[in-house]
Amino acid sequence: MICPFCGKENPVSAQKCQRCGVSFEREPLIADMLPPRKRHFSPWIIAVCALGLFLIVVLFIILLET
């Protein structure tokens, strides 16, 4: 059986492609072809954290001067 996604020839009894791992038991989903998503932080979360850290440092400096 030839994999419809990567073209690798697999044994007829194979349940998954030996190269890309797509299942032959059901119609393959688009998600099977995509690499796993990397989790990344939203720019908004990074900006809010940076602003909070900046405010803490400023307040700390102000309190030390008094």
Side-chain angles (χ1 to χ4, degrees):
M1 169 179 258
I2 296 176
C3 177
F5 296 104
C6 69
K8 168 117 173 105
E9 189 167 339
N10 295 282
V12 177
S13 61
Q15 295 178 351
K16 289 185 175 184
C17 177
Q18 294 174 345
R19 180 184 294 162
C20 67
V22 172
S23 176
F24 296 136
E25 295 179 353
R26 58 170 169 75
E27 277 297 312
L29 301 174
I30 300 271
D32 291 334
M33 300 183 306
L34 300 174
R37 290 184 61 189
K38 293 182 181 178
R39 300 189 107 196
H40 63 279
F41 292 105
S42 167
W44 288 106
I45 294 174
I46 295 171
V48 168
C49 290
L51 180 61
L53 184 62
F54 175 74
L55 291 175
I56 290 171
V57 169
V58 167
L59 286 174
F60 186 71
I61 292 172
I62 290 172
L63 289 175
L64 285 178
E65 287 181 358
T66 58

Same apolar cluster: F54 and I62, side chain cutoff 4.5 Å:
yes
Quick one: closest heavy-atom pair of A14 and F24, and the distance?
O-CD1, 3.5 Å
Using modelled atom types only, decide if a donor and an acceptor are shared between the side chain of N10 and the backbone of Q18 within a distance under 3.5 Å.
yes
The side-chain contact (heavy atoms from CB on, under 4.5 Å) partners of I45 (sequence neighbours excluded) come to S42, C49
For P43, side-chain contact (heavy atoms from CB on, under 4.5 Å) partners two or more places apart
none
Where K16 and S23 come nearest, the two heavy atoms and their spacing:
CG-CA, 4.1 Å
Hey, what do you get for CG (L55) to CG (L51), rounding to the nearest 0.5 Å?
4.5 Å
